[in-house]
Each structure stands twice: as structure tokens, then as C-alpha cells.
Protein chains: 2
Amino acid sequence: MAQETGLSRLSLALLGLIFQQPQTGYDIRRLFATTPLGHISNSPGAIYPALKRLEQARWIRGKAGQGKTRRRRVVYEITAQGRKVLEQHLARPITQGDVVWHLDELILRFAFMDQVLGGEPTVRFLQDYAREIDAHVADLRRYLDGVRDLMPTCGRLALENGIESYEMHAQWARRAIRELQSNV
Amino acid sequence: MAQETGLSRLSLALLGLIFQQPQTGYDIRRLFATTPLGHISNSPGAIYPALKRLEQARWIRGKAGQGKTRRRRVVYEITAQGRKVLEQHLARPITQGDVVWHLDELILRFAFMDQVLGGEPTVRFLQDYAREIDAHVADLRRYLDGVRDLMPTCGRLALENGIESYEMHAQWARRAIRELQSNV
DNA sequence: GTCCGCATGTAAGGCGTTACATGATTAA
DNA sequence: TTAATCATGTAACGCCTTACATGCGGAC
């Protein structure tokens, strides 16, 4: 499906949403069209094929179902195998590479995590997340300090944008940890 | 090359870097491998084909050149046409869609902007950037206020992550504007 | 009876990823 | 002379994007 893990961002979102409750492709399209989740995708040409792939992998199962009317519609629900894949995917440890290349996927994993894995693994995930980000920020700052005066102004500002973005993520994670722990 | 604009993120980076100074593919690979710019790509399987495409489009031109040694190496330099394309690409107005789907590409455009377009267009770009982000943040907050109590905890926290991320970008832009204006 | 919303798709194309391939040159 | 580094690629694959296609049901 996707390179390292077997789950592209879109597939992960689909699997997570269908885990939350059985849905049709159209339900998900509407969700993507009307909520911020839509930043993941907004085209049927991605969603329907992705659902097919998930079904072929036996991670979801489509059933002919009816909504309010009796139009043809396929309601997908997650399988036991799909649950297992989702759990394993969400439980994977965070690497430096994830932080550099797949930060948004980490957030997506987090978004489903409490319902799939429960509270404690979620908190641990955020702790790892914050730690990896701190390490990466340290790297970036070291680099910036070394070349600050050599860089074109906008290049430097763009790099600072990246650093501040990571710092914001770490702050957010620590706030989220506090909030999750106060709710236990 | 890419959908709306004719320049994928990688191609934009390549064109911008070659605009800054003539380079070989290997130079750029090293740059990607050793600087934060590398978050764009790190594989020769992407870089060399992209350079070929840019050359076929006549936006860059490869010349056999020698570095310190006399190994075969191709030094690429930007053409007049390439300069024009780069200018036009960087000068494109910012849309809401850019903010939702291509935020990182906007930052990349910004990174080359002062050298390609000069200071005033760069400041205007940042003003537009901040304004579009403010609008999007308002949308997201409106949505969040409507469904806050219905969302699973991690889902809400993930959404807040997105909102705070955008807010940080707007703050950064305003700081960058001040800095650019104080340097004129 | 026509138009809009529901619901599911297909087709073409592009680009990035991983992995592998190839040779030439310098340092040990 | 062996290994590492320089330097440039190719091949297979997967997924997303845009655009187009289809057909039913309800509302007016």
C-alpha cells in the first residue's frame, strides 16, 4: 500500500474512520468535504480505489446496506484483521525520519490513538513525539547558528519558520499530555 | 510537470537552487543530504529525472564542466526562460486552497522570493499569506466551536494542533514582515 | 419532466519512493 | 588493490490528481 508501513496517509484515515463506525465511501467523502479532515484528500478518484485496496487486503469488508432510501450503497466495516493492522500501525515507534518527512502522518495516527490503543500508549506516544522533535529542533538550531550569516534573508526566515513550527508542535504535545492526564 | 502550476515542489526547489548558482545534480543531492532543505527529497531517483524534465522544458541547461577533478559532471544553469517561469511561479497569488493543501510549497516559494522578485513583492506575499491564514483559522475555529463536545479527545487535540500550527505561521509571517521592512 | 443531490466509479497521467546499476577516481 | 567517495542514472511500483462517466431517486 505504502512504502515502509503498508498504510498511506489516506488509507490510514479511511481505516481509522471506518474503525470509529461503519460508513460508505460517500459518507467519508462528505466528511472530507465538510470538515478539516478534508485536508487529507477530497477526490473520489483517490477514496474509492483506496477503499477497494483495503477491502482486497481484508482489512475492511463491504456490505450492501441501505440508508434512509434504498439506493445501492456499500457500507464498509473494519475486520478483526483490520483492527490488528490499525493497532500495529498506530503503535509503531516514532523515528527521526517520521519527524522530518511524515509529521502530518504522526498527527493523523495520534487522532485515532486513544480510541484504538487507549490512554496510556497515547500519552507515551506524545512523550516520544515531543522528545524526537526536541532533538530535531536542536539539530536545526545548530545548523542555523553555523550558517546564519551566509544565508539569504528569506532562506533563513524559511528555516526559522520550520524551527518555530517544530517548537510549536512540541509545545502542543506537552499541553496535550497534561490534558490527557488530567482526564484519566 | 505538476498539476496547476507546472512546478512540483521538488522542481521548484531545483529551479530555485540553480537560479541561485549553477550546480550539478550531485551538488544538490549533497545539499539535500546535509541541510534542512533535504526535507524536500533525498533520493537520486527523484532528483535526476526532475533535472531532466527541467532541461527538456528548456528552463535549465546542462553543460559539461569540471570541478576540482576531471570526472564527467553536468553543471546546470538556469535559462532566460527558466528565470521567467520561476518569476511567474513565485508571483502567483495565494489562494485558500494553497493554504489548505500546499502550505509547505508556499514557504518554499518564499524562500527564493527576495532574490527572484525583490523585497516589496516578498512583503506583499507575506501579508497575503498572513491574511489567508487568518481566514482559514477563523473557519477552523468556527468548526471546532460547533463540534467540540462531539469529537473524540484525540481528534479534537489533533484539530487544535492544526489550528495552532496555522496561527504560528501567521505570527511568523508578521515577524518576518517587520524584519524585512527594517532591513530596507 | 427536469434538475439537483446521492453514490460509485474509471482513465490517463505524473511524480515520488525504494532499490539497484554503473563506472570513474582518489585515499589507505 | 581494495574500499570509499564521486557522479549519474534506470526500473518497478504505488498512489494521488484531474477529469470524466453513470445511473438512480426525490423535489419542485
Looking at DNA chain C, which of residues 22-33 of chain B put a heavy atom within less than 4.0 Å of it? none
Give the residues of residues 34-44 of chain A touching DNA chain C, defined as any heavy atom closer than 4.0 Å, sorted by residue number. P44(A)
Enumerate the residue pairs fulfilling salt bridge (charged side-chain N to carboxylate O under 4.0 Å, His left out) with a member in [range], sequence neighbours excluded, ordered by first and then second residue.
range: residues 131-141 of chain A; result: D128(A)-R131(A), D134(A)-R174(A), D139(A)-R142(A), R141(A)-E167(A)
range: residues 30-43 of chain B; result: D27(B)-R30(B)
range: residues 110-123 of chain A; result: none

How close or far is atom [atom2] of [N] from atom [atom1] of [X], stated in whole angstroms?
X: L51(B); N: dG16(C); atom1: CG; atom2: P; result: 11 Å
X: Y48(A); N: dA11(C); atom1: OH; atom2: P; result: 17 Å
X: L7(B); N: dG16(C); atom1: CG; atom2: P; result: 11 Å
X: L54(A); N: dG9(C); atom1: CG; atom2: P; result: 13 Å
X: K63(B); N: dA7(D); atom1: NZ; atom2: P; result: 19 Å
X: R53(B); N: dG9(D); atom1: CZ; atom2: P; result: 13 Å
X: I47(A); N: dT8(C); atom1: CD1; atom2: P; result: 11 Å
X: R73(B); N: dT25(C); atom1: CZ; atom2: P; result: 14 Å

Are any non-hydrogen side-chain atoms of W101(A) and N42(B) less than 4.5 angstrom apart? yes
Shortest non-hydrogen pair, Q115(B) vs F19(B), comes out as O-CZ, 3.7 Å
With respect to the side chain of [X], which nucleotide from [options] is positioned closest?
X: A46(A); options: dG16(C), dT10(C), dC16(D); value: dC16(D)
X: K52(B); options: dC16(D), dG9(D), dT17(C); value: dG9(D)
X: L10(A); options: dG9(C), dA7(D), dC16(D); value: dC16(D)

Hey, which of these two, Y76(B) or W101(B), hits DNA chain D nearer its 5' end, going by closest nucleotide? Y76(B)
Report yes or no: does S165(A) contribute a side-chain atom to a donor-acceptor pair with the main-chain N or O of N161(A) at less than 3.5 Å? no
Side chain of R9(A), backbone of L108(A): donor and acceptor closer than 3.5 Å? no
Using 30° and 60° as the class limits, which term best fits the ring planes of W172(A) and H169(A): parallel, tilted or perpendicular? perpendicular
Does OP1 or OP2 of dC16(D) have a side-chain N or O of S8(A) closer than 4.0 Å? yes
Throw together a table of side-chain donor-acceptor distances under 3.5 angstrom for residues 146-159 of chain A, partners on residues two or more places apart or in other chains.
| from | atom 1 | to | atom 2 | distance (Å) |
| --- | --- | --- | --- | --- |
| R148(A) | NH1 | D145(A) | OD1 | 3.4 |
| R156(A) | NH1 | E160(A) | OE2 | 3.1 |
| R156(A) | NH1 | E179(B) | OE2 | 3.0 |
| R156(A) | NH2 | E179(B) | OE2 | 2.5 |

